[in-house]
Amino acid sequence: MPDSFYLAWQYLRRHRWTTSILVASIALILYLPAALQSIVASAEQHFRSRADSTPLVIGPRGSSLELVLRSVYFDQPSDEVMRYQQLRRVQAQKMASVIPLHTRFTARNRQIVGTTRDYLRARNLRLAAGSSWNMLGECVVGARVAEQLDVQIGDRIPVAKSTAFVLGDAPLRLRVVGLLGTTETPDDEAIFTDLETCWIIEGLGHGHAKTAKHGSLEATSYTDITKDNAGSFHFHGDRGEFPISAMLVIPEDQKAETILLGQYFSPDETVQIARPRKVIDSLLARIVMVRSYLLAAIALVSLVTLVMMTLVIALSVRLRRSEIVTMRKMGCARHTIGFILGSQVAIVLAAGLGIAAVLTAVTHRYGPELIRLLVA
């Protein structure tokens, strides 16, 4: 048997191109379904873990999926807003903790999230360096933002202009006072600042020399907020009418959650309430449906490939008829010839299985990182 196995190995080595094609085909047939399953499972875990940590979200009426993606995953800036008085409405009932979010602006293509320190505590975000914001214009940045933009404590990040920007030619610049530790969540990709800072970006507040009259040249608004001029910043209008993009709601108990859910079904409501877990489960159900179609397509291609491989092996044996006749004249028994041919097939299958196993292990190990890169 060892001699027969050796002869099989030497034959495959001599015909390395044919052998490589067969091994690669088998590896792909085995790897693709396993890789697809691993990546989808990683995606489901990534999305569900974030949704599970956010019981309820309240935001402007519209698509609940867009609301969840923009407020929980910071998918993209939100153009839709609601009024701050909606937050006061929930707070007045004393049934839940409420965290406001303002996500209308970006800085160097990174999402700015105007919120309160309660958000950092709710998400268990830890500072790797520096401190949280203590005054207007200060911000803390996520780990990937700090890495990709190469920002350090003390640096200033200019806010991207928008149609709502009324601070003159130069944009407001946020001063970095803290760097967050890595969490492997969308928080790594965001810049966090005070809610009032976002209202200043909106143009609802500004600062200028106290002795200057509104509208005068001396009343030119500041674009850098410092300790010297922070006291001059002020707001105009009723804060209850100021905009926020959404709010995260953490009910005290199941009863409070049920009561809150029942308050936003009236057709006259201008806002909506959503359960992120339910919304994400609905989204993932569609992904599973797509996965089923992909698996069916892969199975069909795999079947065709296996048929072609069987045909190639059968033709190979037929083309080697003269070689088999020579082996028999040399004294090889039928079972020895069969073992040599069988060993060749076994080696090809084992090699393909081994490669598929390694690729699957690598995909399983780095699948979560791949998912985070795809949704970043």
Side-chain angles (χ1 to χ4, degrees), residues 49-61 64 66-78 80-105 110-127 131-136 138-142 174 178 180-181 183 185-202 204 239-254 256-257 259-261 263-264 270-280:
S49 62
R50 183 75 169 179
D52 287 341
S53 63
T54 313
L56 298 173
V57 175
I58 296 177
R61 270 200 178 276
S64 58
E66 288 187 7
L67 171 62
V68 170
L69 291 178
R70 290 175 178 178
S71 60
V72 179
Y73 299 93
F74 306 140
D75 177 62
Q76 59 182 344
S78 175
E80 301 294 330
V81 297
M82 61 183 182
R83 301 305 164 191
Y84 189 73
Q85 62 188 5
Q86 292 290 344
L87 181 140
R88 293 174 176 173
R89 168 186 172 184
V90 179
Q91 285 179 329
Q93 300 180 64
K94 298 180 179 179
M95 293 189 298
S97 300
V98 191
I99 303 173
L101 296 175
H102 188 293
T103 57
R104 295 191 70 187
F105 301 105
R110 299 304 187 278
Q111 180 70 63
I112 296 176
V113 180
T115 184
T116 64
R117 290 193 187 91
D118 290 338
Y119 182 89
L120 305 183
R121 289 189 285 269
R123 293 294 191 200
N124 197 29
L125 300 179
R126 306 294 182 182
L127 287 163
S131 62
S132 183
W133 59 82
N134 293 305
M135 56 176 279
L136 295 173
E138 293 182 342
C139 70
V140 297
V141 301
L174 301 178
L180 293 173
T183 62
T185 69
D187 295 323
D188 291 343
E189 305 282 346
I191 299 171
F192 298 93
T193 188
D194 184 63
L195 183 61
E196 291 184 338
T197 298
C198 286
W199 286 340
I200 291 173
I201 300 173
E202 287 267 9
L204 300 173
R239 291 204 181 195
E241 295 298 318
F242 284 9
I244 56 176
S245 302
M247 50 186 173
L248 307 184
V249 181
I250 306 173
E252 292 182 349
D253 50 37
Q254 186 63 44
E257 180 176 335
I259 293 173
L260 286 169
L261 285 169
Q263 293 179 353
Y264 293 89
T270 58
V271 297
Q272 64 174 323
I273 190 168
R275 279 178 170 162
R277 177 58 189 262
K278 183 178 180 180
V279 173
I280 293 303

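None of these values were measured; they are calculated from a predicted model.
Annotation: the span from Leu101 atom CG to Thr115 atom OG1 amounts to 5.0 Å, rounded to 0.5 Å. From Glu241, atom CD reaches atom CD of Gln85 across 4.5 Å, with rounding to the nearest 0.5 Å. Taking NE2 of His102 as the start and CD of Glu202 as the end, the distance is 3.5 Å to the nearest 0.5 Å. Note that CZ of Phe192 and OG1 of Thr197 are 14.0 Å apart. Values are rounded to the nearest 0.5 Å. With rounding to the nearest 0.5 Å, the separation of CD1 in Ile259 from CD in Gln93 is 8.0 Å. Here the CZ-CG distance, from Phe242 to Leu87, works out to 14.5 Å after rounding to the nearest 0.5 Å.
Scanning for side chain to side chain contact (heavy atoms under 4.5 Å, CB included) contacts around Thr116 gives Ile99, Pro100, Asp118, with sequence neighbours left out. Scored by the side chain to side chain donor-acceptor pair (under 3.5 Å) test, Ser64 finds no partners at all (sequence neighbours excluded). Evaluation of the side chain to side chain donor-acceptor pair (under 3.5 Å) rule for Arg239 yields Glu196 as partners, not counting sequence neighbours. Shown here are the side chain to side chain donor-acceptor pair (under 3.5 Å) partners of Tyr119, two or more places apart in sequence or in another chain: Arg50, Arg123, Asp187. For the side chain to side chain donor-acceptor pair (under 3.5 Å) test, residues two or more places apart in sequence or in another chain that qualify with Asp188 are Thr183. Scanning for side chain to side chain contact (heavy atoms under 4.5 Å, CB included) contacts around Asp253 gives Lys255, Ala256, with sequence neighbours left out.
The shortest heavy-atom contact between Met82 and Ile58 is CE-O, 3.4 Å. The minimum heavy-atom distance linking Arg104 with Ser245 is given by the pair CG-OG, 3.8 Å. Of all the heavy atoms in Pro55 and Pro276, the pair that sits closest is O-CD, 3.3 Å. Heavy-atom minimum distance, Cys198 versus Gly114: SG-CA, 3.4 Å. Residues Ser132 and Val140 share a closest heavy-atom pair of CA-CG1, 3.9 Å.
In this structure the side chain of Val113 never reaches within 4.5 angstrom of the side chain of Ile191, judged on heavy atoms. Side-chain atoms of Gln263 and Val90, non-hydrogen and from C-beta on, never get closer than 4.5 Å to each other. Residues Arg83 and Pro243 are in side-chain contact: their nearest non-hydrogen atoms beyond the backbone lie under 4.5 Å apart. The side-chain heavy atoms of Leu56 and Arg275, taken from C-beta on, include a pair separated by under 4.5 Å. With a 4.5 Å cut-off on side-chain heavy atoms, Tyr73 and Thr54 do not count as touching.
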### Task
Test Val57 against Ile273 for side-chain contact (heavy atoms from CB on, under 4.5 Å), laying out the working first.
CA-CA 6 Å; Val57 175; Ile273 190 168; over 6 Å; no
### Task
For the pair Leu174 and Ile112, evaluate side-chain contact (heavy atoms from CB on, under 4.5 Å) and give the outcome as yes or no after the intermediate values.
CA-CA 10 Å; Leu174 301 178; Ile112 296 176; 3.9 Å; yes
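A side-chain contact (heavy atoms from CB on, under 4.5 Å) with Ser78 is found for one member of Leu67, Ile244, Leu69, Thr103 and no other, namely Thr103.
With salt bridges taken as basic N to acidic carboxylate O contacts below 4.0 Å, one links Arg277 and Asp52.
When atom types are taken as modelled, the side chain of Glu252 and the backbone of Ala96 share no donor-acceptor pair closer than 3.5 angstrom. At least one donor-acceptor pair closer than 3.5 Å links the side chain of Gln111 to the backbone N or O of Phe105.
Remark: the Arg89 side chain and the Gln86 side chain contain an N/O donor-acceptor pair separated by less than 3.5 Å.
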